[in-house]
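Notes follow once the structure below has been shown.
Numbered from 1 within each chain, the chains take letters A, B, ... in sequence-line order. Values below: every heavy atom of this structure, side chains too, minus hydrogens, waters and symmetry copies.
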Protein chains: 2
Amino acid sequence: MSGIELAVSTVIFALRPDAEGRLVLSLPLVRRIREPFEGRWALPGGAADAGESLADTAARKLAETTGLAPSYLEQLYAFGEPDRSPTGRVVSVVYWALVHGDEADRALEGENVAWFPADAHPALAFDHDLIVGYALWRLRTKLGYARIAHAFLGPTFTLAELRQVHELVLQKPLDPANFRRQIEASGAVVPTGERQTGGRHRPPKLYRYDTTIEPVDTGPLGAAGIR
Amino acid sequence: MSGIELAVSTVIFALRPDAEGRLVLSLPLVRRIREPFEGRWALPGGAADAGESLADTAARKLAETTGLAPSYLEQLYAFGEPDRSPTGRVVSVVYWALVHGDEADRALEGENVAWFPADAHPALAFDHDLIVGYALWRLRTKLGYARIAHAFLGPTFTLAELRQVHELVLQKPLDPANFRRQIEASGAVVPTGERQTGGRHRPPKLYRYDTTIEPVDTGPLGAAGIR
DNA sequence: ACAAAAGTGTTCGTTATACACCCATGT
DNA sequence: ACATGGGTGTATAACGAACACTTTTGT
């Protein structure tokens, strides 16, 4: 064997309410209880399992630490610089995941697992700051051309909710009229025929995602890269 | 240790003349001299080295099998399905590389190393057909928005040569006028002031790549992902 | 002079963007 | 009735594709 340790980590994103109730793009971190970097926060993960696919391992570690199931999971990058861990050579295959908001509400939290705003988290162990930065960049870039925003929402949603997801992730306001037309032109969503009542104004149409269309053009990898 | 073997492989692309002298997008393959898949062609690669970065290992394996130095090298994907090798669990971090045409002419070739057209190669060992297909897709996709075409050429080139690279990779003719304007607008190239004489017609300007601009927007990973 | 490729100009259709405006509901 | 967000229409700009046209060399 090569003396190289293989690990799997996951950057998990969800939209969660902050102290004032405003939704914020957030991610769960785990506090390290051992050296190196004891006490520092880090990405959830662990050693790769010989019997599982890498994506399965990522989803399992995700579930073990947060109690959540991802609605989107994709490989991010394999980090393998020789000096990235003081304990020896570790290659980490990193995944990134999205979870539904209501799912994220049920997330475990405790002394050693906590959620932080995606762009205001403490300095992390190892090279995890770089990894989170790259995952954030991928999320924001991919949101522009791939149909992944629904992964933050439940099975049905209004276009205003979908637009809010884009606005929160991209951190800039979007024109409601143009956003509507872009989404409609993409064919990504289908109206359910129902409307959301209970608001203080005209009830908006509810939509669901068109599951007959591939969520992203991933090329020949297809669903192998995403689950 | 986990019982998982870590390997590094590389998909290498170059534009090489075929029997009739026409340039074709090609890649070098190595013939397996051991089971499993003995006699079948496969991607160059081997076990990861504990002392080197993954990219260095990819470049070294590339040099060892083909005698070439890559002008572009980027991580493609980590393939790790449990059943992808009959000998046991192998996770392969795969890179893709571009080499200059004149460099590729000096490439080693022999009984167990040969070049094949990128879209007409024999059935490969392991899941390497999938890998090559994905690498081809990435190359063609990335050529559209990133400044990588020059990696197939020498230090200076004409816009017609650069356009030919695009046409050969994308397998479709491009409008010379529009191509010129797109490249000029991107600011990717700078005129050297010289012209290429010796042709049968008006001598074209020679250009070189503007190295002060990052070749691609790779986000916070920056040059870490590319070398 | 002519062929061939270099290089420029112009038109046209699509798409992004900004913003004015109407619609439907709860209060 | 009116405030509020849902939803539609429209003018403008930016961009890419198509193609006519001029320029410059070798033969």
Subject >> Residues that A:His121 engages under ring-ring contact (aromatic ring centres under 6.0 Å, His included), provided they are two or more places apart >> reply: none
Original post:
How would you list all residue pairs meeting salt bridge (charged side-chain N to carboxylate O under 4.0 Å, His left out) that involve residues 121-138 of chain A, not counting sequence neighbours?
Top reply: A:Glu74-A:Arg138, A:Arg84-A:Asp127
Original post:
Can you list every pair that meets side chain to side chain donor-acceptor pair (under 3.5 Å) and has a residue in residues 170-191 of chain B, with sequence neighbours left out?
Top reply: B:Asp119-B:Gln171, B:Arg140-B:Gln171, B:Asn178-B:Arg181
Original post:
From the 5' end of DNA chain D to its 3' end, which nucleotides mark the outer limits of contact with chain A, defined by a 4.0 Å heavy-atom distance cut-off (strictly under)?
Top reply: D:dT4 to D:dT10
**OP:** Name all residues meeting the ring-ring contact (aromatic ring centres under 6.0 Å, His included) criterion together with B:Trp41; count only those two or more places apart in sequence or in a different chain, and write none if there are none.
**Re:** B:Phe116
Original post:
ring-ring contact (aromatic ring centres under 6.0 Å, His included) with A:Phe79: which residues, sequence neighbours excluded?
Top reply: A:Tyr77
Original post:
Which residue pairs pass the ring pair (Phe, Tyr, Trp, His ring centres under 6.0 Å) test when at least one of the two sits in residues 162-183 of chain A, sequence neighbours left out?
Top reply: A:His166-A:Phe179
**OP:** Check whether any side-chain heavy atom of B:Lys142 lies under 4.5 Å from a side-chain heavy atom of B:Tyr72, and answer yes or no.
**Re:** yes
Show every donor-acceptor pair shorter than 3.5 Å between a side-chain atom in residues 8-19 of chain A and any protein atom, with sequence neighbours excluded, or say none if there are none.
unit_1	atom_1	unit_2	atom_2	d
A:Arg16	NH1	A:Ala104	O	2.8
A:Arg16	NH2	A:Glu109	OE1	3.3
A:Asp18	OD1	A:Glu20	N	3.0
A:Asp18	OD1	A:Gly21	N	3.0
A:Asp18	OD1	A:Arg22	N	2.9

**OP:** Taking the side chain as every heavy atom from C-beta outward, state whether B:Val91 and A:Val91 have any pair of such atoms under 4.5 Å apart.
**Re:** no
Original post:
Less than 4.5 Å apart, any side-chain heavy atom of A:Tyr209 and any of A:Val189?
Top reply: yes
Original post:
Of the residues in residues 164-187 of chain A, which ones touch DNA chain C at a heavy-atom distance under 4.0 Å?
Top reply: A:Asp175, A:Ala177, A:Asn178, A:Arg181, A:Gln182
**OP:** Walking along DNA chain C from 5' to 3', note the first and the last nucleotide with an atom under 4.0 Å from a heavy atom of chain A, and give both.
**Re:** C:dT17 to C:dG26
Original post:
Does any residue of residues 188-204 of chain B have a heavy atom under 4.0 Å from DNA chain D, and if so, which ones, in number order?
Top reply: B:Gly199, B:Arg200, B:His201, B:Arg202, B:Pro203
Report, one line per pair, each donor and acceptor closer than 3.5 Å where one atom sits in a side chain of residues 192-201 of chain B; sequence neighbours left out.
unit_1	atom_1	unit_2	atom_2	d
B:Thr192	OG1	B:Glu194	N	3.2
B:Thr192	OG1	B:Leu206	O	3.1
B:Arg195	NH1	B:Pro203	O	2.7

